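What follows is one structure encoded as structure tokens, with my remarks underneath.
Just so it is clear, the values below take in all heavy atoms, side chains as well, and ignore hydrogens, waters and symmetry mates. Please read all numbers here as calculations on a predicted model, not as lab measurements.
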Amino acid sequence: MRDVRITGTGQLLELQRKLRAAGHENIRASMQRRIRRAAEPLRDGLQDRVRTLQIRSQGRRVPGGPSPNTRPLRITIANAIRISVRNTGTPGARVWVDKSALPPGMRNVPARLDEGRLRHPVFRNRRRWVSQYADPWWDSTIRKHRARMEREVERVLDDVRQRLN
């Protein structure tokens with residue numbers, strides 16, 4: 001599982017240089033806000049997808065009881081999905097899973113779920129392990145949103161270019 005970066009780095013870098021030279025702080029803030037807004041539907045789509053993700057097990061046939069921990073897995077992962085927008089360095093939008101927002105034992109779980117298999121001990125019993133399976137969710141959701149995001153970022157760049165000229 002990788003983070004997603006929507007960049008047109010050449011175009012964005014060129015535009016950032018022009019904005020800095022012209023000193024248009026309000027145009028830069030507007031551009032950053034609009035790029036963030038373009039990435040929000042992707043973040044929301046990823047959060048919805050992981051909240052409804054079916055995690056299957058090959059083990060027992062009867063449903064289990066309530067979760068033994070206080071932080072449900074899917075909701076915890078969904079709440080850790082973030083957006084960051086940069087204007088300097090490598091400008092663009094990035095959608096990613098913030099591992100620091102996950103409990104220490106869950107930091108690699110989003111990537112394992114996206115690979116399709118999550119192997120873990122049963123109730124911390126390291127002598128008994130189970131595998132659970134899920135359909136990949138990260139890349140498929142990104143593919144659905146990518147074209148729209150690229151169009152929106154291109155529209156933002158065109159608008160900023162027009163305002164600078």
Side-chain angles (χ1 to χ4, degrees), residues 1-13 15-16 31-61 63-124 126 128-158:
M1 186 171 81
R2 291 161 264 121
D3 58 356
V4 182
R5 297 169 194 239
I6 296 297
T7 58
T9 41
Q11 296 171 1
L12 285 170
L13 285 171
L15 212 49
Q16 288 301 329
M31 183 175 97
Q32 185 172 3
R33 185 174 52 255
R34 289 179 65 193
I35 290 175
R36 174 178 292 278
R37 233 180 263 141
E40 285 174 354
L42 172 60
R43 182 205 52 207
D44 296 343
L46 286 166
Q47 288 176 334
D48 290 344
R49 179 71 174 107
V50 77
R51 280 186 188 113
T52 60
L53 188 65
Q54 293 295 315
I55 300 175
R56 300 172 303 281
S57 177
Q58 62 191 13
R60 42 184 247 206
R61 305 252 188 266
S67 174
N69 63 31
T70 58
R71 298 186 73 177
L73 175 69
R74 294 175 191 89
I75 293 170
T76 303
I77 294 171
N79 291 338
I81 297 174
R82 307 268 193 262
I83 300 174
S84 62
V85 178
R86 293 183 57 171
N87 282 332
T88 58
T90 310
R94 179 177 166 219
V95 179
W96 52 291
V97 175
D98 182 6
K99 290 184 178 183
S100 67
L102 297 172
M106 273 194 209
R107 299 229 164 115
N108 68 346
V109 170
R112 299 295 83 77
L113 281 176
D114 193 48
E115 289 171 359
R117 179 175 174 227
L118 174 64
R119 187 166 157 74
H120 62 89
V122 177
F123 296 110
R124 297 188 185 117
R126 300 194 78 57
R128 183 152 185 237
W129 289 70
V130 294
S131 291
Q132 291 183 299
Y133 304 93
D135 294 328
W137 58 280
W138 186 263
D139 290 334
S140 61
T141 307
I142 290 168
R143 275 193 298 275
K144 291 177 188 172
H145 289 271
R146 187 175 193 104
R148 184 203 48 78
M149 282 181 61
E150 288 174 347
R151 283 191 311 271
E152 183 62 29
V153 169
E154 188 62 40
R155 188 176 313 123
V156 170
L157 295 177
D158 288 342

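Around the CZ atom of Arg119, the shell of radius 6.0 Å holds more than 12 heavy atoms that belong to other residues, nucleotides or ligands. Other residues, nucleotides and ligands place no more than 12 heavy atoms under 6.0 Å from the CZ atom of Arg128.
In plain terms, the two heavy atoms of Gln32 and Val85 that are nearest each other are NE2-O, 3.3 Å. Between Ser100 and Arg107 the shortest heavy-atom distance is O-NH2, 4.1 Å. What you find for Val156 and Met31 is that their closest heavy atoms are CG1-CG, 3.7 Å. Heavy atoms only, all atoms of each residue included: Arg56 and Gln54 are closest at NH1-O, 3.7 Å. Of all heavy-atom pairs between Pro136 and Arg49, the closest is O-NH2, 3.7 Å.
For the side chain to side chain contact (heavy atoms under 4.5 Å, CB included) test, residues two or more places apart in sequence or in another chain that qualify with Arg51 are Gln47, Asp48, Ala78, Asn79. Applying the side-chain hydrogen bond (donor to acceptor under 3.5 Å, both in side chains) test to Asn108 and every residue at least two apart in sequence or in another chain returns nothing. Remark: Thr52 engages no residue in a side-chain hydrogen bond (donor to acceptor under 3.5 Å, both in side chains) (not counting sequence neighbours). Taking the side-chain hydrogen bond (donor to acceptor under 3.5 Å, both in side chains) definition, one finds that Arg74 meets it with nothing, sequence neighbours left out. For Arg117, the side-chain hydrogen bond (donor to acceptor under 3.5 Å, both in side chains) criterion is met by Ser131, not counting sequence neighbours.
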### Message
Set out, in order, the CA-CA distance, both residues' side-chain angles and the distance that settles salt bridge (Lys or Arg N to Asp or Glu O under 4.0 Å) for Arg151 and Glu154, then state yes or no.
### Response
CA-CA 5 Å; Arg151 283 191 311 271; Glu154 188 62 40; over 6 Å; no
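Here the side chains of Leu102 and Val97 are in contact, with some heavy-atom distance below 4.5 Å. The closest side-chain heavy-atom distance from Leu73 to Ile55 is below 4.5 Å. Between Ile77 and Leu113, some side-chain heavy-atom pair lies under the 4.5 Å cut-off. Contact of the Ser140 side chain with the Asp135 side chain is not registered, since no non-hydrogen atoms from C-beta on lie closer than 4.5 Å.
Residue Met149 holds its CE atom at 5.0 Å from CG of Leu42, rounded to the nearest 0.5 Å. A distance of 5.5 Å separates NZ of Lys144 from OG1 of Thr141, quoted to the nearest 0.5 Å. To the nearest 0.5 angstrom, Trp96 atom CH2 is 11.0 Å from Ile83 atom CD1.
Proximity of a side-chain donor or acceptor of Asp114 to a complementary backbone N or O of Trp138 within less than 3.5 Å is detected. A donor-acceptor pair is defined here as one N or O able to donate and one able to accept, closer than 3.5 Å; no such pair exists between the side chain of Arg94 and the backbone of Ser84.
Pairs engaging residues 36-46 under the salt bridge (Lys or Arg N to Asp or Glu O under 4.0 Å) rule: none recorded [sequence neighbours left out].
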